[in-house]
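Just so it is clear: chains get the letters A, B, ... in the order the sequence lines come, proteins before strands, and each one is counted from 1.
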2 protein chains.
Amino acid sequence: MSNAVPARRYAKGEAKRREILAAALQLIAESGYRNSTLQDVADAVGLTKAGVLHYFESREDLITQVLQGRDDHDAVQLAQEARAGAGDREDDMLTLLSRAIRLNASVPGMVQLYSRVVVEAEDPQHPAHDYISERYELVAARIAASVQQRQSLGTARADLDPAQVARIVIAVSDGLQLQWMHARDDIDMSVDFDAALTLILGPA
Amino acid sequence: MSNAVPARRYAKGEAKRREILAAALQLIAESGYRNSTLQDVADAVGLTKAGVLHYFESREDLITQVLQGRDDHDAVQLAQEARAGAGDREDDMLTLLSRAIRLNASVPGMVQLYSRVVVEAEDPQHPAHDYISERYELVAARIAASVQQRQSLGTARADLDPAQVARIVIAVSDGLQLQWMHARDDIDMSVDFDAALTLILGPA
DNA sequence: ACCCAATCCCAACCAATGGTAGGTATTGTC
DNA sequence: GACAATACCTACCATTGGTTGGGATTGGGT
């Protein structure tokens, strides 16, 4: 749809592209978002700024794709964990989300990156705008489904509006991460999130 | 403590300072955060960039003070409303927060500004870092107190951990605003927040 | 084997932005 | 009316994201 990037046919190019993404991910994870300039990324992979911009339309585009890649990576890992850990029960989005938060607690840089992109992507012009909006919708839909399932199982109050609860749960997740960034040592996102879930969904 | 700014004695200066703050507030509110440069602010008040920077140490400092001013303004207004509206009952922080969110829904630019500063101020070097951290602590303490009060009144579950609930409520508030920025027309922050409050605190 | 188009990548350059340095003009106080 | 502080500007700088035009490389087609 919006992929105006050339189709990149040479193997070398594809490899370099991945190298750039990996380097950017690492830089952001360890030095934060604001301290990672295009020049830094370029240096890390032995290119110039222009070289990096040959692969990504802009810095924002690069960052968006880093986030997207991380998202995919996490999704796969979490799905595997869930499947391996607790029998072969259907993946429950709420459980997955809880795991994801616990995982995030080990990578402050990524939390910062995510929060930042969410805020900046509010502008419809931002390259990540569609991605973030769609992500919200997707996650919300899955949570809503999870809520509904629990309702039918009797492990969640029957009078809940699944869509509304989904929005609230996402809010708790995002909001806790914001607070956590400011007081990493004093807050256990994971514990608070699980507690919130229990409070909202009602007793099992 | 960190007020290294000269003590500004002339009346003209103080007036200009306020003018700058007002102009910046308006610019941000209507054009968003990213589209408001120092030059824009300077133009709006008939100064040069350097002129503006005579009053504020940096752009970030200016923005921080805009946010702070808005905060104070809101606090006063909300307190008045609350007092005028519902008898002379003690100000309840949770009620105040609910009102604040409803008020925010009319000023998207400010929500964006707030979210952005919260994210950026994660860096301890950021001029707003202390302000945001203290704000979090203050609000959390007040919410916790409010929860405790409701518990003793029997309008909130007795088994709640006030401090934890405070963090969760703040998370809901912040998180809903993030989502709202992306889908202003589809989300009613105010309704969702009140619903979340009811779910979390338990039946009245 | 060689052509040639696509791809890769760079040096040079540009514009915008936040910020600094130093000086001049204004203000208000004693 | 001097004199100190304050207000404010011009000129300048560094950094950053981004563009441009061209040169080097790659690899499939013939």
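For the pair B:His54 and D:dA7, the criterion of a side-chain N or O lying under 4.0 Å from OP1 or OP2 is met. In terms of phosphate contacts, B:Thr48 brings no side-chain nitrogen or oxygen within less than 4.0 Å of OP1 or OP2 of D:dC8.
Distance CG (A:Asn35) to P (D:dT15): 14 Å, rounded to an integer number of Å. Atom NZ in B:Lys16 sits about 6 Å away from atom P in D:dC8, given to the nearest Å. For the pair A:Arg17 CZ and C:dC9 C1', the computed distance is 16 Å after rounding to whole Å. Regarding A:Arg34, its CZ atom lies at a distance of 14 Å from the C1' atom of D:dT16, rounded to whole Å. As a whole-Å value, the separation of A:Leu62 CG from D:dG18 C1' is 14 Å. Going from atom CD of B:Glu14 over to atom C1' of C:dT27 covers 15 Å, rounded to whole Å.
The shortest side-chain heavy-atom distance between A:Asp71 and A:Tyr114 does not fall under the 4.5 Å cut-off. Looking at A:Leu25 and A:Met110, their side chains come closer than 4.5 Å, going by heavy atoms from C-beta outward. Counting only heavy atoms from C-beta outward, the side chains of A:Arg102 and A:Ser98 approach each other to under 4.5 Å. In this structure the side chain of A:Glu120 never reaches within 4.5 angstrom of the side chain of B:Val119, judged on heavy atoms.
Taking A:Ser146 as the reference, A:Asp92 meet the side chain to side chain donor-acceptor pair (under 3.5 Å) condition, with sequence neighbours excluded.
Cation-pi check for A:Arg59 over A:Tyr33 is met; the charged atom lies under 6.0 angstrom from the ring centroid and within 45 degrees of its normal.
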Reading nucleotides 12-25 of chain C 5' to 3', which nucleotides get B (base under 4.0 Å from a protein heavy atom), which S (sugar-phosphate only), which -? -----SBBB-----
